[in-house]
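Below is one structure; the comments refer to it alone.
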Amino acid sequence: MPTINSKEKVQFSIAIKDLPQELSQLREGAVYWLGVDHYSDVLMLFRQILLSVDASCRAIAVGPEDLSDTFSGFPDDQGPQDLRFYQMTGLPARALARLTKDLERALRPRKRLVLLMLRLDHLPADAGIAQRLLTTWAEWAEHSGCTLLLLAYGGRAVEYSLHVMSLNDVVSGAARLKSLATGYQYQVLHWRNELGATGSTELALEKTGLGFVVTQDRVVPDRPHTDQQRFLLERPVLEGAPVFMADGWQVFDERDALWEQALRSSAATLVFALQADDEVEVLAKMLHTLRKQRGPSLVLVVREMRRILRGHDEQLLLACGASMVIPAGTHLSRFFSLLDSTRGQQYARKLTTDLDSLIAGRRPEQVRGIVSADQFTHYLDAVAGRMRAGISSGILVALTPVPGLSAAQALTQVSLRRYGDVACQIKGVAYVFLFACQPGFVEVALANAFRVPFKEMFLQHRAYSSAVAVEEQSAIIKRESALASDQESKLLMAQGTEAPTGRSSESTDQSGAKPIFQPLLQSLKLEASVLCTQH
C-alpha cells in the first residue's frame, strides 16, 4: 500500500496501529516526549517503532541498560539496516547532560531517529535545569537533522507529561500512555509535524502481540474542516471526457498521488476507479486505512468502471469505509450529480474491526460447475460455517424438473462460470449453490446460469439463504446420496448373483469381480468398393 512518506524525504512515526498521521508523524530536527507508566510498555513501543522504520533509515537506541539483546531477532525484512545501541553509564544526570556531545563524538549522527528511553527519576529534579536540558537537545536535533523521541517511564512519568506540555516552544510534541483496568488511554497533549499542529486528543488503545493499536472508531479530533469543497479524482473515472475542472477539483493520473493527498485531507471528496476484480481487496484495505486515519468526514467514493462487483463485494467496500459505490454504466452527468450529493456527508456505518476475516469471506473456494453429491455437501458445510460467522453468503436452490425430464438432463444446460457456483443432482432434484448471491436476485442468477429458460425445465425452485437452512439441506442430500449408493450396491450384488455360473476365469477382472455384461466378440469382414464416375 502506498505510504504518505515520499521517497526523497524520510519521516518517522510513533507507529501505533491506526493512529492518525497528524498525531503520529515525527518531523525532522525536532524533539518529542512520550510518558509511559510501565517499563514493559516502553519496551513494546520501542520495538514497535523500530520495526516500523524503513530499511533505508538509520536509528539509534539509547537506554539505561544494554538494549541490544532486547531487540535482537528482528525479521530480515523489518527494521532499519543501520541500528546502533548505546548504554548510559555513570551518574544519570551527568550522562544526560553529555548525551549529545557523546553521540557527536562516537557517531556524529545526521538525519537519524534517536530513541531515548529513560526513567523519570533520572531527569533533573529542578524544573529549570530539566528545561535547559531539553532546550539543548532541541538545538542539537535541529542542527543535526535528527529526530529525538524521549520515552520516559515509571513513577510520575505520565503526570510529568503535563509539565512538558508547557514547553511546547522546545518540545514539538508531548503525549502520555496510561494503563487502565480496561486497556490503555493515549492522550496527545500537543503535537506538531509537517501536517500541522494538533491540540489535546484522547484515544483508546489495546495491547496485542504485535504492539499497541487504536480501538475506537473515530480517532480524528473535532476541528474546522477547510477542504470540504475539494474533489480529488482518479483520471479513469472521467471516462476520457475532456471535463473542465473548477476550483477545488483535481485529477490524478496515479493512485499513489491521490493516496498521499487523501492522508492529508479531512472532509474532501475522493473518487477511486475500480477497473478489475483483483483491485477490490486492495481498494478495501486502502479505504479502511483512510477511514481509520481520517475519520467520518472524509467522503470516499468508488466508481465501478465495468461490471465487476457482486453484492458482497459492494458490501465489503461499504463496510471498509466507502461512502458510496457508483455502479458501472452510470452516465457521466449522473455521476457528477451523485458526487455533488455526497458533499458534507458523514460516514455513519460501523467500520469493520475484522478486516482480514471480511476479506477472506469474499474469496470463494476454487471450485465451480457440476460436482458429485459428496463434493457438493462438503462444500456446503464449509460455506455454511462461514455464513454462521458472518463472513460469507450465498443461496442454495433446489429445482424440481418438469415430468419427462431428469435432473441430470436438466443440468446439461447449466453453465457455471464463477468460482463458488456449484451444482449436483440427487433423487430427481437439481441443486445449485450461488455464492454471494442476494435473495432478491435468485431468478436473475438462474436465468444467467442456464442456457435455456430455467422455468421451462423446472416446475418449481426453492431457495435457502440462511446457514441453518443450508446445513439442513446438506444433511438431506447426504442421506439421499447414501440411500442411492446403498440401493446401487444392492442392485449390483443382485445382478452379480444372477449371472450364469461355470464361467471360465477369463470372465472376471483381476480383482475377481464378475462383469455385469459379458461381451460378445465377433469378427467383421471389410470389403473394399470402387466408386465409378461416368463422364
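Starting from 1, each residue takes its place in the sequence as its number.
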Inset, instruction - Report yes if some heavy atom in the side chain of Thr215 is under 4.5 Å from a heavy atom in the side chain of Leu205; otherwise report no. - result: no
Legend entry - Any side-chain donor near an acceptor of the partner, Glu202 and Gln185, under 3.5 Å: yes
Inset, instruction - First locate atom CG of Leu270, then atom CZ of Phe252, and finally report the distance between them rounded to the nearest 0.5 Å. - result: 8.0 Å
Inset, instruction - Specify whether Trp249 and Phe336 have parallel, tilted or perpendicular ring planes, treating 30° as the upper limit for parallel and 60° as the lower limit for perpendicular. - result: tilted
Legend entry - Partner set under side chain to side chain contact (heavy atoms under 4.5 Å, CB included) for Thr147, not counting sequence neighbours: Phe12, Leu26, Tyr32, Leu113
Legend entry - Between Phe435 and Tyr419, ring centroids under 6.0 Å: no
Inset, instruction - Measure from the side-chain N and O atoms of Ser265 to the backbone N and O of Ala268, and report whether any donor-acceptor pair falls under 3.5 Å. - result: no
Inset, instruction - Could you verify whether a donor N or O on one side chain and an acceptor N or O on the other, from Ser415 and Arg417, lie under 3.5 Å apart? - result: yes
Inset, instruction - Establish, from distance only, whether the side-chain atoms of Ser40 and His38 form a donor-acceptor pair under 3.5 Å. - result: no
Inset, instruction - Consider only side-chain N and O atoms of Gln187 and Thr201, and report whether a donor and an acceptor are under 3.5 Å apart. - result: no
Legend entry - Heavy-atom side-chain contact between Val432 and Leu399 under 4.5 Å: yes
Legend entry - Value rounded to 0.5 Å, distance of CG in Leu120 from OH in Tyr160: 6.5 Å
Legend entry - Arg368 with Asp421: basic N within carboxylate O range, under 4.0 Å: no
Inset, instruction - Flag the pair Leu355 / Lys285 as yes when at least one side-chain heavy-atom distance between them is below 4.5 Å, and no otherwise. - result: yes
Inset, instruction - Could you verify whether a donor N or O on one side chain and an acceptor N or O on the other, from Arg230 and Gln250, lie under 3.5 Å apart? - result: yes
Legend entry - Arg303 NZ/CZ over Phe272 ring centroid, <6.0 Å and within 45° of normal: no
Inset, instruction - Look at Asp37 together with Lys178 and state whether they make a salt bridge at an N to O cut-off of under 4.0 Å. - result: no
Inset, instruction - Indicate yes or no: at least one non-hydrogen side-chain atom of Asp82 is less than 4.5 angstrom from one of Pro80. - result: no
Inset, instruction - Please say which of Leu298, Thr342, Asp340 ends up in a side chain to side chain contact (heavy atoms under 4.5 Å, CB included) with Thr269. - result: Thr342
Inset, instruction - Return the orientation label for the Phe212 and Tyr184 ring planes: parallel under 30°, perpendicular over 60°, tilted otherwise. - result: perpendicular
Legend entry - Pair Trp33, Ser161: side-chain N/O donor-acceptor within cut-off below 3.5 Å: yes
Inset, instruction - Decide whether Ser266 and Asp227 meet the rule of one side-chain donor and one side-chain acceptor closer than 3.5 Å. - result: yes
Inset, instruction - Ignoring hydrogens and angles, state whether a donor on the side chain of Tyr464 or Arg462 is under 3.5 Å from an acceptor on the partner side chain. - result: yes
Legend entry - Arg192 side chain reached by Asn168 side chain, heavy atoms, under 4.5 Å: yes
Legend entry - Residue pair Asp381 / Ser474, side-chain donor-acceptor N/O under 3.5 Å: yes
Inset, instruction - Side-chain contact test, heavy atoms from C-beta onward, threshold under 4.5 Å: evaluate it for Leu151 versus Leu116 and give yes or no. - result: no
Inset, instruction - Using a strict cut-off of less than 4.0 Å between a Lys/Arg side-chain nitrogen and an Asp/Glu carboxylate oxygen, indicate whether Arg264 and Glu22 qualify as a salt bridge. - result: no
Inset, instruction - Please determine if Glu159 and Arg176 form a salt bridge, counting it only when a charged side-chain N lies under 4.0 Å from a carboxylate O. - result: no
Inset, instruction - Report the distance from atom CZ of Arg291 to atom NE2 of His288, rounding to the nearest 0.5 Å. - result: 10.5 Å
Inset, instruction - Begin from the C-alpha positions of Leu167 and Leu134 and carry the test side-chain contact (heavy atoms from CB on, under 4.5 Å) through to its verdict. - result: CA-CA 9 Å; Leu167 306 177; Leu134 290 171; 3.6 Å; yes
Inset, instruction - Report yes if the side chains of Val170 and Val164 come closer than 4.5 Å at any heavy-atom pair, otherwise no. - result: no
Inset, instruction - Please tell me if the side chains of Met117 and Leu67 come closer than 4.5 Å, counting only heavy atoms from C-beta onward. - result: yes
Inset, instruction - Answer yes or no: does atom CZ of Arg110 have more than 12 heavy-atom neighbours from other residues, nucleotides or ligands under 6.0 Å? - result: yes
Inset, instruction - For the residue pair Gln229 and Arg343, confirm or rule out a side-chain donor-acceptor distance under 3.5 Å. - result: yes
